[in-house]
Amino acid sequence: MHRYLPSLYAFIDRYNHEIFKNNITDLGIIYRNYHSRNREKELFKISKACKERRYKLFVSNSIKLALKVKADGLYIPAFNRTKQFLNNENKKFLILGSAHNQKEIHEKIQQNCEIIFISPLFFVKKANTCLNIHKFNFLSRSRKANFFALGGINKKNINKLNVLLNIKGFGGINFFKKKPAFKRPVFLKNKILLNNLKR
């Protein structure tokens with residue numbers, strides 16, 4: 001059964017009102033914060049905002065918390081290799097994951113991830129490295145899956161996504177935290193790119 005999957009994803013670690021000002025209908029929100037004492041309270045606030053905007057919400061690494069806030073699914077980071085998600089009884093519950101290499105891609109497929117973010121595509125200070133276009137394409141061709149780009153995507157390199165042959169969309173961490181993304185020139189110039197990603 002075909003299920004609707006957004007082509008754009010914003011990774012957040014706290015509520016950010018700018019993200020919910022975006023004129024975007026095709027956006028998923030991935031809440032990724034493992035240390036906040038107010039994690040649950042913050043997540044309920046995010047969940048309410050997602051419902052108002054009709055964004056899909058995914059909670060990182062906690063199926064219990066995802067179910068509690070009635071999220072649309074779960075996000076499994078690359079470091080999580082558990083197989084406890086294999087017997088997912090809620091058929092409407094979507095599972096996303098991230099990977100950095102072929103081994104991790106295989107693990108995410110084994111975890112029943114419907115979307116796999118391959119990262120980092122472009123240079124990010126945290127990783128101090130990147131895959132770049134050729135290696136990304138090599139990894140995305142290694143398996144049949146819904147691959148998405150993640151890592152270092154900004155207004156200077158977004159046009160390079162046009163040469164990625166096997167992606168359904170992309171995710172960003174800082175990309176969506178600025179002023180409403182779809183009102184910025186980078187998005188207005190790249191409507192063709194975004195339409196191509198949805199195919």
[Y] side chain reached by [X] side chain, heavy atoms, under 4.5 Å:
X      : Y      : answer
Phe138 : Gln102 : yes
Pro6   : Tyr55  : no
Arg32  : Ile12  : no
Leu161 : Leu121 : yes
Leu65  : Leu67  : no
Leu5   : Lys168 : no
Ile105 : Ile109 : yes
Asp26  : Ser7   : yes

Measure the spacing between [atom1] of [X] and [atom2] of [Y] and express it to the nearest 0.5 Å.
X      : Y      : atom1 : atom2 : result
Lys64  : Glu40  : NZ    : CD    : 9.0 Å
Glu104 : Ser98  : CD    : OG    : 7.5 Å
Cys50  : Lys56  : SG    : NZ    : 11.0 Å
His106 : Arg143 : NE2   : CZ    : 5.5 Å

Subject >> Criterion side-chain hydrogen bond (donor to acceptor under 3.5 Å, both in side chains) on Asp72 and Tyr4, from CA distance to verdict >> reply: CA-CA 11 Å; Asp72 296 282; Tyr4 165 69; over 6 Å; no
At their closest point, which heavy atom of [X] faces which heavy atom of [Y], and how far apart are they?
X      : Y      : value
Gly152 : Asn157 : O-ND2, 2.9 Å
Cys130 : Phe122 : CB-C, 3.2 Å
Phe93  : Ala66  : CZ-CB, 3.6 Å
His100 : Ala78  : CE1-CB, 3.4 Å
Arg14  : Ile46  : C-CD1, 4.1 Å

Subject >> Lys70, NZ: over 12 other non-hydrogen atoms inside 6.0 angstrom >> reply: no
Original post:
Do other residues, nucleotides or ligands put more than 12 heavy atoms under 6.0 Å from the CZ atom of Phe123?
Top reply: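 Yes, the 6.0 Å shell around CZ holds more than 12 heavy atoms from other groups.
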Original post:
Is the distance between the ring centroids of Phe148 and Tyr9 less than 6.0 Å?
Top reply: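 Ring centroids of Phe148 and Tyr9 are less than 6.0 Å from each other.
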Can any side-chain N or O of [X] pair as donor or acceptor with the backbone N or O of [Y] at less than 3.5 Å?
X      : Y      : result
Asn80  : Pro77  : no
Asn137 : Ser140 : no
Asn33  : Asp13  : yes
Lys48  : Leu43  : no
Asn16  : Glu18  : yes
Gln111 : Thr82  : yes
Ser119 : Gly151 : no
Asn38  : Lys41  : no
Ser142 : Leu139 : yes

**OP:** Tell me whether the guanidinium CZ or amine NZ of Lys45 lies under 6.0 angstrom from the six-membered ring centre of Tyr15 and within 45° of its axis.
**Re:**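 Flagged: Lys45 positioned over aromatic ring of Tyr15.
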**OP:** For Tyr75 and Tyr31, run ring-ring contact (aromatic ring centres under 6.0 Å, His included): C-alpha distance rounded to whole Å, both residues' side-chain angles, the deciding distance at 0.1 Å, then the answer.
**Re:** CA-CA 8 Å; Tyr75 168 77; Tyr31 178 75; over 10 Å; no
Original post:
Among Ile173, Leu150, Leu74, Leu96, which one satisfies side chain to side chain contact (heavy atoms under 4.5 Å, CB included) with Ile30?
Top reply: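 The passing option is Leu96.
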Subject >> Residues Glu107 and Arg81 bridged, charged N to O under 4.0 Å >> reply: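 Salt bridge between Glu107 and Arg81, a charged N being under 4.0 Å from a carboxylate O: yes.
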**OP:** Mind running side chain to side chain contact (heavy atoms under 4.5 Å, CB included) on Lys108 and Ile76 for me, showing each step along the way?
**Re:** CA-CA 8 Å; Lys108 296 307 154 193; Ile76 310 174; 3.4 Å; yes
**OP:** Could you give me the CA-CA distance, side-chain angles and deciding distance for Phe147 and Ile115, then say whether side chain to side chain contact (heavy atoms under 4.5 Å, CB included) is met?
**Re:** CA-CA 6 Å; Phe147 289 112; Ile115 283 178; over 6 Å; no
**OP:** Given side chain to side chain contact (heavy atoms under 4.5 Å, CB included), test Ile116 with Asn146 step by step and report yes or no.
**Re:** CA-CA 6 Å; Ile116 301 174; Asn146 292 314; over 6 Å; no
Original post:
Stepwise, does the side chain to side chain contact (heavy atoms under 4.5 Å, CB included) test hold for Arg39 with Tyr34?
Top reply: CA-CA 8 Å; Arg39 189 182 184 200; Tyr34 310 120; 4.2 Å; yes
**OP:** Indicate, with yes or no, if Val124 and Phe11 share a hydrophobic cluster defined by side-chain heavy-atom contacts under 4.5 Å among Ile, Leu, Val, Met, Phe, Trp and Tyr.
**Re:**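 As far as the 4.5 Å side-chain criterion goes, Val124 and Phe11 are not connected within one cluster.
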